[in-house]
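Here's the structure, in structure tokens; my notes come after.
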Amino acid sequence: MAKVKYYYDADTLSYRKIVRKKRTTFKYATVFIVAAALFGFLSFFITSQYLESPKERQLSRELQNMELQYELLNKRMDDAIAALENVEERDNAIYRLYFEANPIPEEQRRAGFGGVNRYKKFEGFDNSQLISETNKRLDILEKGIVVQSMSLDEIAKLAEDKEKFLEAIPAIQPVSNQDLTRMASGYGYRTDPFTKIRKFHFGMDFTAPRGTPIYATGDGIVRRADNSSTGYGNHIRIDHGYGYTSLYAHLYKYNIRVNQRVKRGDLIGFVGSTGRSEAPHLHYEVFKDGERINPINFYYGNLSPEEFNVLLRKASLENQSLD
Ligand SMILES: [Zn+2]
């Protein structure tokens with residue numbers, strides 16, 4: 001209930017009620033409301049500038065957390081990039097070098113993506129830089145992995161070729177020769193057993209009883225198995241590819257057919273004395289690009305260095321060949 005105010009009337013010598021006019025009351029009320037509204041609005045405006053609402057505080061915490069997570073992802077990416085760089089280094093310095101492939105230049109491994117700006121969609125935000133840079137690094141990492149993967153495919157192919165090559169070239173002795181006593185005469189000038197004249201002997205003679213097994217010295221295809229070459233008697237020629245051919249002469253019997261594919265160590269025939277031969281033995285030749293070369297340089301396949309030296313000494317003795 002509103003207070004009733006009085007004043008002293010000197011004329012009537014009595015207290016009288018103060019009666020305020022209605023218009024004045026209304027004016028006061030209006031001024032009060034407008035002032036309050038203004039004050040309220042100003043207060044809200046100022047506090048909202050400098051103070052965060054709970055909602056804003058939550059959002060900014062989430063943003064900070066996201067930035068932290070991006071940093072952690074970038075650290076993990078550092079590790080992944082370092083691991084990839086290690087593989088790339090080995091790839092260039094060992095694998096590609098070993099298989100005689102050119103190293104892949106750094107620019108090719110690290111090339112980003114040219115052309116249109118792939119990162120435009122990240123622009124226009126406070127954290128655009130962070131997101132865009134992280135994506136860029138990830139793209140480069142991915143590209144590096146693809147390049148490395150393709151390089152390893154290439155290396156695998158080259159290794160397979162090299163393996164094929166190593167399996168193809170004639171690299172073992174054509175007869176079992178464990179004590180190395182069967183090697184009777186080597187490549188070089190020897191006395192002809194029939195004419196006793198010194199002439200060049202283009203192969204190696206392995207002395208062995210008739211019927212001793214003869215083995216293919218490398219993978220290849222049998223090109224000939226006949227006796228229509230002068231002097232060789234029954235003989236086999238195996239084409240090993242890469243320019244190599246091996247020849248086995250004076251055979252007693254064949255164990256293969258022409259055009260048959262053989263593996264190193266396959267039994268292809270038996271020792272005999274057909275053709276121009278003094279006694280049962282295998283005459284063995286190796287051709288490279290049509291030229292006859294010294295077969296002894298190819299026996300690393302099943303000889304230790306000591307054994308090889310023994311064989312080398314025997315093969316270089318200028319004795320009489322068995323032809
Ligand atoms: Zn010979």
Side-chain angles (χ1 to χ4, degrees), residues 169-218 220 222-240 244-256 262 264 266-303 307-323:
I169 55 171
I172 61 168
Q173 293 185 73
V175 292
S176 169
N177 189 22
Q178 265 146 20
D179 51 6
L180 306 176
T181 53
R182 283 182 162 165
M183 216 292 302
S185 189
Y187 177 96
Y189 280 99
R190 298 291 182 273
T191 308
D192 184 293
F194 297 101
T195 63
K196 307 296 177 191
I197 289 170
R198 191 172 178 266
K199 70 165 203 189
F200 206 90
H201 183 236
F202 284 101
M204 280 185 116
D205 291 341
F206 293 88
T207 177
R210 199 174 85 160
T212 302
I214 299 168
Y215 305 105
T217 54
V222 176
R223 290 285 179 227
R224 284 182 64 174
D226 58 67
N227 62 358
S228 57
S229 283
T230 322
Y232 287 134
N234 295 331
H235 76 290
I236 294 170
R237 285 176 205 247
I238 297 175
D239 181 358
H240 300 283
Y244 288 96
T245 300
S246 58
L247 182 151
Y248 314 77
H250 314 302
L251 270 56
Y252 166 56
K253 267 192 337 196
Y254 305 109
N255 195 46
I256 40 80
V262 292
R264 175 177 296 146
D266 281 357
L267 203 167
I268 54 172
F270 301 94
V271 171
S273 194
T274 55
R276 195 171 183 276
S277 168
E278 198 197 34
H281 80 287
L282 170 70
H283 173 91
Y284 175 64
E285 291 182 6
V286 173
F287 292 76
K288 174 75 171 74
D289 301 324
E291 297 286 323
R292 287 181 286 193
I293 54 175
N294 193 344
I296 199 163
N297 296 325
F298 293 88
Y299 294 149
Y300 53 80
N302 57 348
L303 287 181
E307 288 171 328
F308 183 76
N309 279 331
V310 172
L311 197 68
L312 192 62
R313 224 173 19 251
K314 286 184 172 211
S316 55
L317 289 175
E318 192 175 330
N319 54 8
Q320 183 175 296
S321 65
L322 297 164
D323 260 36

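Residues take their numbers from the sequence shown, with the count starting at 1. Counting starts at 1 for both ligands and their atoms, following the listed order. For clarity, every value in this text was computed on a predicted model and none was experimentally measured.
Look at H281 and the Zn ion (ligand 1): no N/O/S atom of the residue is under 2.8 Å from the metal.
H283 and H235 are not linked by any side-chain donor-acceptor pair at a separation below 3.5 angstrom, with hydrogens and angles left out of the test.
Looking at H283, its N, O or S atom nearest to the Zn ion (ligand 1) turns out to be ND1. The name of the N, O or S atom in D205 nearest to the Zn ion (ligand 1) is OD1.
Applying side chain to side chain contact (heavy atoms under 4.5 Å, CB included) to R182 and the options D205, T212, L282, V271 leaves one that passes, T212.
For the atom pair CZ of R292 and OH of Y187, the computed distance is 8.0 Å after rounding to the nearest 0.5 Å.
Counting heavy-atom neighbours within 6.0 Å of F194 CZ, excluding the residue itself, gives a total above 12.
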